[in-house]
Each structure stands twice: as C-alpha cells, then as structure tokens.
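Inspection log for the structure reproduced underneath, given as structure tokens.
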Amino acid sequence: MEPHVTPPAWTLLMPLKPLSRAKSRLAAAAAAPARARLALAFAQDAVSAALTCTAVRDVAVVTNDEQAAEELAALGARIVPDAPDAGLNPALAHGAAVVRGIRPEAPLAALNADLPALRARELAHVLQAAAEAPRAFLADADGTGTTLLSAMPGHALRPRFGPRSRARHAASGAAELLLSDAVSVRQDVDTEADLAAAVVLGVGPHTAGALCGDPGPTPVNAV
C-alpha cells in the first residue's frame, strides 16, 4: 500500500493594479468607469472561485486600490499592500516575501486576477500538476503569456510576467504545465476577443452583472 500523502495547501497571490489604470486594452469597448468595474468584477470572480478550490488554503491580493481591497477582503481574501509600487513583478515578489514570512513552508502560486471564468476544479488540477515541480507555470490562452506561476517550499517564485512571459518563465527554469483541461485557468482577459471567449466559457456572477449593466459600487478612483 502506498503511503498517504497530504496534498499541499496552496497560497495564491493575485496582483491587482489600481482599477483606474486597469484593462486599458478594453478602451475601445468600454469607458474608464466601466473598465474599472469589469476589472474589479474579474478579480471578484477569480477570488471567489479560488477560495472554493480544495487545493487552496488562502488567497492574498497584492494591491494598493482601496475599493478593490475592501471588496475582495469581504470575499475572504487577505490584502497585502503593494509596498514597492513598481509594477507587477516587484508586487509579486513582495507578496511572496510577506506570505513566506508568515508561512515559510507555504507552496505559492501567482495567479492572474483577470480570470472571470475560473473553475475551482480546473484550478485544483493545475495545482496538483504544479506540485510535481519546484517551479512551474501555465501559459495563457494566447500561448505567449502566463496565467499561473508556482513555487514549492524552499524555492523562490522569481516572477517574469509581462509580454512574452511564457518564454521568460521557461528560460528561468520553470516547468511548463501542458494541460488540456485547464481552459478556464488559461483564459485571462485583456482584449474584447478575450472577454468574448471568457463569456463562452461562462463567467462568474460579478462579471455577468457588470456586463449586463448592473453598475454595482463604483470604484472611488475610477471616475
């Protein structure tokens, strides 16, 4: 009989820039307040799905946006202020240091906040596969970016997000996760085409409400 191995309980890091600057590539489809509401809705649906994932212990959102912090904390996320305030990768490195300062043996995964169609079961499958490598990453639906980067205990996260991050994460030594059944974890939203693809997959209730014109609370820095 094989010994029982307890699956790792992951901490997810989700970076979120100020909502007033979020989703600029959707400018042709939505004005600034609507883009801010969508960015918040994407993050709300991603956090909600992640927190129902059996492999996830907690979610830490790295942000300096007060409105987003309030809304996401209400869903159960831990808020880590973006102390470096110097872009995505410094924010993730800072968040990883904060989490590891509290839980030194925590397995970490940086996960994009713009995954409105995220499914907990698919995320669990990705994290199970990620646990097999010291560091691993999942490419986005476009095939050039990254939606998830993981680091097991004893290994630094070493984020390389940004344009062509798939190639940069591969060059950094992270193992690529080649999974056919993780569509919702790969479908981030930067463009109108991305959003249409996420809608086909089935977005969460916050994004659905934002798309249907339910304004919800307007972010204080979005006007």
Side-chain angles (χ1 to χ4, degrees), residues 12-50 59-75 77 79-82 85-92 95 110-119 138-149 159 161-166 183-223:
L12 301 186
L13 295 172
M14 285 192 189
L16 185 63
K17 67 173 63 174
L19 297 177
S20 60
R21 303 202 308 264
K23 297 301 148 195
S24 59
R25 292 168 66 186
L26 291 175
R35 292 200 308 274
R37 285 194 293 269
L38 280 173
L40 177 57
F42 295 164
Q44 288 172 305
D45 285 329
V47 166
S48 297
V59 175
V61 176
V62 185
T63 188
N64 283 337
D65 190 286
E66 294 182 6
Q67 179 72 20
E70 180 179 349
E71 297 288 344
L72 297 174
L75 295 175
I79 305 301
V80 176
D82 181 5
D85 194 18
L88 177 57
N89 291 312
L92 285 171
L111 182 68
N112 288 8
D114 57 350
L115 295 167
L118 184 65
R119 299 290 180 266
L138 185 71
D140 63 7
D142 183 58
T144 61
T146 305
T147 57
L148 181 143
L149 172 70
F161 286 88
R164 299 179 298 280
S165 63
R166 179 186 189 178
V183 181
S184 75
V185 194
R186 298 183 63 197
Q187 189 57 69
D188 57 349
V189 175
D190 289 316
T191 66
E192 292 179 65
D194 295 335
L195 182 54
V199 169
V200 170
L201 287 176
V203 295
H206 295 93
T207 302
L211 290 172
C212 287
D214 178 6
T218 299
V220 294
N221 59 358
V223 216

So, using side chain to side chain donor-acceptor pair (under 3.5 Å) as the criterion, who are the partners of [X] when residues are at least two apart?
| X | result |
| --- | --- |
| R166 | E176 |
| D142 | T144 |
| T147 | none |

Minimum heavy-atom distance between [X] and [Y], given as atom pair plus value:
| X | Y | answer |
| --- | --- | --- |
| S184 | L115 | O-CD2, 4.0 Å |
| A50 | V59 | CB-CG2, 3.9 Å |
| A91 | D82 | CB-OD1, 3.5 Å |
| D114 | F42 | CA-CB, 3.9 Å |
| P116 | A198 | CG-CB, 4.0 Å |
| A73 | I79 | CB-CG1, 4.0 Å |

Taking the side chain as everything from C-beta on, heavy atoms only, tell me whether L72 gets closer than 4.5 Å to Q44.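 L72 reaches Q44 side chain to side chain.
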Quick check against the 3.5 Å criterion: does [X] have a side-chain atom that pairs as donor or acceptor with the backbone of [Y]?
| X | Y | result |
| --- | --- | --- |
| N112 | D188 | no |
| R37 | A210 | no |
| R119 | V185 | no |

Sequence neighbours excluded, which residues qualify as side chain to side chain contact (heavy atoms under 4.5 Å, CB included) partners of [X]?
| X | result |
| --- | --- |
| P81 | N64 |
| P15 | L88, L92 |
| D194 | Q187, V189, D190, T191 |

To the nearest 0.5 Å, tell me how far [X] [atom1] sits from [Y] [atom2].
| X | Y | atom1 | atom2 | result |
| --- | --- | --- | --- | --- |
| T63 | L16 | OG1 | CG | 4.5 Å |
| S48 | L118 | OG | CG | 10.0 Å |
| E66 | L19 | CD | CG | 11.0 Å |
| T207 | L195 | OG1 | CG | 8.0 Å |
| T146 | L111 | OG1 | CG | 11.5 Å |

M14/V47 under side chain to side chain contact (heavy atoms under 4.5 Å, CB included): CA gap, chis, key distance, verdict: CA-CA 8 Å; M14 285 192 189; V47 166; 3.6 Å; yes
